[in-house]
Every structure is written in C-alpha cells, then in structure tokens.
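Working notes for the structure below.
Every heavy atom of this structure was used, including side-chain atoms; hydrogens, water molecules and symmetry mates were not.
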Amino acid sequence: MGNSVGVDELQACESHQWYRKFMTECPSGLLTFYEFKQFFGLKNLSDASNAYVKTMFSTFDMNDDGFIDFMEYVAALSLVLKGEVQQKLRWYFKLYDIDGSGCIDREELLQIIRSIRAINGNDCEMSAENFANMVFDKIDINGDGELSYDEFMEGVQNDEMLLKTLTESLDLTHIVQKIQGEMRVNI
C-alpha cells in the first residue's frame, strides 16, 4: 500500500515487540470489534462507516470467531506491509462484497466508498456516486449491474487509475506507523 514502511518491519527480531503491543492493547489475546475500533482511534462513526469498519474487522477475522487473535493480526499487518497486488485486490473484493454474495453491486460499492471517505476525511473532486458509476462503466463487462470476482480483478488490474485510487483509499500504512511509533516509545 505505501512504500514508506519496509518489508523488514515484520522480521523475527521485531516480532516480540508486535506481540507485546498486541498483548498490551488486548490482554486477553483476542481483539474484539470494540477494541479494534479503539485500537485505530475510530470514534463517533456514522452507521455506514461503522458497518464498513465491521466488514474490515470481519475480513481480518479469518476463522470467523468474532475476534482477531495475534496470528490474524500478523497476517493483516503482513498483507498491509508486503502483500502483492493480487493479494490486496482479493482482500478489497472481500471487503467490498458486504453481503458475501460473491459479487459487488453498485450499492455495496457506493456504501464502502462513502464510508472510506468519511473515515479518511477525504474531499474528492468526484462524488461517491459518480465514482461508483465510473467503476461499473469501466469494469462491469457483462453489464449485469454486479462485479464478479473475475471482472473486479481483471478490471482493476487493467486500469491504472482505479488501481491507484483503490490502493490509496485503503492505505493502512499510517496506522502501522502509528503502532510502530507507540512500540518504540514503550521499549
């Protein structure tokens, strides 16, 4: 997502710091949704933004037990720090497919775009509605009003502007840098 944080950040020599940070924030060893929001400083969210954060939490909760454990936490950080484009796009697709139907409809995409903008505080030249329409115009190949996994993966990878926009809108490196800064203070 950003290049300001290196792959070396998750080396074994730092794993104890990541573990200590995780256990300090989550003494039970399991991060709940409420703790997840606190962990990232997400307060007073609209219903749509809260739903988006819940979806993000669920994508990191790989075993669907309602918690993020340390291994899921490390996997999420690894994706953010060193994931390949295809891995990140698979995660984006899962995140955008709010109802888990295997396709992204216009309303799901619009809800996520609005939520991301509300959380990031981004003012964009293009409205969320116009952006969602543009995405569908560009990559909904069969015109059925839904983006299948294949349409999404191929369409985004073949459109530099969409790839850049998605990558920047879901850039979590500032959160990783905040966690790392807190770890260094507490050493």
Side-chain angles (χ1 to χ4, degrees), residues 1-10 36 40 42 45-46 48-64 68 72-178:
M1 292 189 179
N3 291 331
S4 57
V5 179
V7 172
D8 314 59
E9 297 300 325
L10 287 178
F36 181 79
F40 296 116
L42 302 172
L45 298 176
S46 68
S49 295
N50 198 59
Y52 163 71
V53 174
K54 181 83 169 159
T55 302
M56 182 180 282
F57 177 86
S58 296
T59 65
F60 289 144
D61 177 17
M62 295 170 204
N63 63 359
D64 294 325
I68 296 175
E72 290 166 329
Y73 172 76
V74 169
L77 289 174
S78 181
L79 173 70
V80 170
L81 293 175
K82 60 183 179 177
E84 298 292 321
V85 170
Q86 292 241 321
Q87 291 172 305
K88 291 177 182 179
L89 288 177
R90 275 194 298 273
W91 181 70
Y92 295 163
F93 184 84
K94 186 176 176 186
L95 183 64
Y96 287 171
D97 181 16
I98 296 169
D99 64 6
S101 67
C103 291
I104 302 168
D105 65 36
R106 197 176 304 265
E107 198 54 43
E108 287 174 316
L109 182 62
L110 189 56
Q111 180 180 341
I112 293 293
I113 292 166
R114 286 180 178 149
S115 298
I116 290 170
R117 288 180 177 183
I119 290 169
N120 292 341
N122 292 350
D123 289 325
C124 299
E125 293 175 18
M126 187 182 296
S127 72
E129 291 81 3
N130 287 341
F131 182 77
N133 290 337
M134 181 202 53
V135 168
F136 272 83
D137 289 345
K138 285 185 171 195
I139 65 177
D140 183 15
I141 303 301
N142 62 7
D144 67 353
E146 294 184 326
L147 300 177
S148 69
Y149 175 78
D150 291 336
E151 284 175 317
F152 179 81
M153 293 295 284
E154 189 172 324
V156 172
Q157 288 180 85
N158 292 330
D159 189 303
E160 197 63 37
M161 190 276 292
L162 283 180
L163 182 60
K164 182 177 187 271
T165 302
L166 285 177
T167 302
E168 288 175 356
S169 71
L170 290 170
D171 185 352
L172 303 177
T173 53
H174 64 287
I175 292 170
V176 174
Q177 289 170 336
K178 178 182 179 228

Between Leu109 and Phe136, is there a side-chain heavy-atom distance shorter than 4.5 Å? yes
Pairwise distance OG1(Thr55) to CD(Gln111) - rounded to 0.5 angstrom: 7.0 Å
Taking every non-hydrogen atom, the tightest pair across Cys103 and Ser148: SG-CA, 4.1 Å
Can you check whether Leu89 reaches Leu163 side chain to side chain, under 4.5 Å on heavy atoms? yes
Whether the side chain of Glu151 engages the backbone of Asn142 through a donor-acceptor N/O pair (distance < 3.5 Å, no angle test) should be reported. yes
Got a second to check how far Phe131's CZ is from Thr165's OG1, nearest 0.5 Å? 5.0 Å
Val156 and Phe93: side chain to side chain contact (heavy atoms under 4.5 Å, CB included), yes or no, with the steps? CA-CA 11 Å; Val156 172; Phe93 184 84; over 6 Å; no
Does a salt bridge link Arg114 with Glu129, judged by any charged N lying under 4.0 Å from a carboxylate O? yes
Here the gap from Asp150 atom CG to Ile139 atom CD1, rounded to the nearest 0.5 Å, amounts to 11.5 Å
From Glu108 atom CD to Leu95 atom CG, the distance as rounded to the nearest 0.5 Å: 10.5 Å
Please collect all salt bridge (Lys or Arg N to Asp or Glu O under 4.0 Å) contacts where either partner lies in residues 138-149, sequence neighbours excluded, each pair once. Lys138-Asp159
How long is the span from the CZ atom in Phe152 to the CG atom in Leu162, to the nearest 0.5 Å? 9.0 Å
Holding to side chain to side chain donor-acceptor pair (under 3.5 Å), I want the full list of residues that pass it with Glu160, two or more places apart in sequence or in another chain. none
Check: Val135 and Arg106 side chains under 4.5 Å, non-hydrogen atoms: no
Pairing residues for Asn158 by the side-chain contact (heavy atoms from CB on, under 4.5 Å) criterion, not counting sequence neighbours: Glu154
Mind listing the closest non-hydrogen atom pair of Leu110 and Ala132 along with its distance? CD1-CB, 4.3 Å
Ignoring hydrogens and angles, tell me if any N or O in the side chain of Asp97 forms a donor-acceptor pair with the backbone of Gly102 under 3.5 Å. yes
Sequence neighbours excluded, which residues qualify as side-chain contact (heavy atoms from CB on, under 4.5 Å) partners of Gln87? Leu79, Glu84, Arg90
List the steps and the verdict of side chain to side chain contact (heavy atoms under 4.5 Å, CB included) for Ile98 and Glu107. CA-CA 10 Å; Ile98 296 169; Glu107 198 54 43; over 6 Å; no
Residues that Phe36 engages under ring pair (Phe, Tyr, Trp, His ring centres under 6.0 Å), provided they are two or more places apart: Phe40, Phe57
Mind telling me whether Trp91 and Phe60 have parallel, tilted or perpendicular rings, with 30° and 60° as the class edges? parallel
Contacts of Lys54 meeting side chain to side chain donor-acceptor pair (under 3.5 Å) (sequence neighbours excluded), chain-then-number -> none
